Novice: 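Handing you this structure, nothing more for now.
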Amino acid sequence: MAIALALEFAGGTQEQYDRVMDKLGMKGTENWPQGIILHLAGPTEKGWEVVDVWESRQDFDRFLAERLGRAVLEAGLPAPTPKEFTVYNSMGLRSPAGAGRR
């Protein structure tokens with residue numbers, strides 16, 4: 001069953017996020033982890049937020065252990081505050097203006 005994870009990085013910045021993505025080698029659709037369905041990221045009042053949809057929690061946990069955890073530490077991002085829920089419903093995604101320009 002698909003899950004959604006919202007990861008809030010208090011005090012996190014776009015520059016730190018970009019460093020994580022560079023360390024992971026994730027550009028465009030290259031080198032994405034197994035099981036990821038959707039990835040969104042952007043600034044908030046508190047710092048930086050990432051919202052992912054995964055095929056399973058196990059897929060995310062594997063990615064966190066094998067790749068993401070180290071990249072987050074090396075970029076100097078604080079540990080995130082996660083929120084998780086089971087995806088009950090989803091609708092199509094249209095790219096917002098300015099999105100996907102990485």
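Numbers here are sequence positions counted from 1. Just so it is clear, the model here is predicted, and its values are computed rather than measured.
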Novice: What I'd like to find out is whether the side chain of Phe9 reaches to under 4.5 Å of the side chain of Val72, using heavy atoms alone.
Specialist: yes

Novice: If you look at every heavy atom in Met26 and Pro33, which pair is closest and at what distance?
Specialist: CE-CD, 3.7 Å

Novice: Using side chain to side chain contact (heavy atoms under 4.5 Å, CB included), reason through Val20 and Leu77 one step at a time and then give a plain yes or no.
Specialist: CA-CA 9 Å; Val20 169; Leu77 274 168; 3.7 Å; yes

Novice: With sequence neighbours excluded, what pairs up with Leu73 under the side chain to side chain contact (heavy atoms under 4.5 Å, CB included) test?
Specialist: none

Novice: Would you check if Val53 and Val87 make a side-chain contact, meaning some heavy-atom pair closer than 4.5 Å?
Specialist: yes

Novice: Atom CD1 in Ile3, atom CD in Glu84: separation rounded to 0.5 Å?
Specialist: 4.0 Å

Novice: For Glu15, enumerate each residue passing the side chain to side chain contact (heavy atoms under 4.5 Å, CB included) test, keeping only those at least two apart in sequence or located in another chain.
Specialist: Thr13, Arg19

Novice: Please set out all donor-acceptor pairs under 3.5 angstrom arising from side-chain atoms of residues 59-69, sequence neighbours excluded.
Specialist:
{"unit_1": "Asp59", "atom_1": "OD1", "unit_2": "Arg62", "atom_2": "NH2", "d": "2.5"}
{"unit_1": "Asp59", "atom_1": "OD2", "unit_2": "Ser56", "atom_2": "OG", "d": "3.3"}
{"unit_1": "Asp61", "atom_1": "OD1", "unit_2": "Arg57", "atom_2": "NE", "d": "2.8"}
{"unit_1": "Asp61", "atom_1": "OD1", "unit_2": "Arg57", "atom_2": "NH2", "d": "3.4"}
{"unit_1": "Arg67", "atom_1": "NH1", "unit_2": "Asn31", "atom_2": "O", "d": "3.4"}
{"unit_1": "Arg67", "atom_1": "NH2", "unit_2": "Leu24", "atom_2": "O", "d": "3.0"}
{"unit_1": "Arg67", "atom_1": "NH2", "unit_2": "Asn31", "atom_2": "O", "d": "3.0"}

Novice: Search all heavy atoms of Pro78 against all heavy atoms of Ala10 and return the closest pair with its distance.
Specialist: CG-O, 3.0 Å

Novice: Show your reasoning for whether side chain to side chain contact (heavy atoms under 4.5 Å, CB included) applies to Glu49 and Leu7.
Specialist: CA-CA 6 Å; Glu49 184 98 11; Leu7 303 173; over 6 Å; no

Novice: Under the salt bridge (charged side-chain N to carboxylate O under 4.0 Å, His left out) rule, collect the residues that match up with Lys46, sequence neighbours excluded.
Specialist: none

Novice: Suppose we screen for side chain to side chain donor-acceptor pair (under 3.5 Å). Which residues come up paired with Glu8, at least two apart in sequence or across chains?
Specialist: none

Novice: Listing request: all salt bridge (Lys or Arg N to Asp or Glu O under 4.0 Å) pairs with a residue in residues 69-83, at least two apart in sequence or in separate chains.
Specialist: Lys23-Glu74, Arg70-Glu74

Novice: How would you list, by chain and number, every residue that makes a ring pair (Phe, Tyr, Trp, His ring centres under 6.0 Å) with Trp48, sequence neighbours excluded?
Specialist: Tyr17

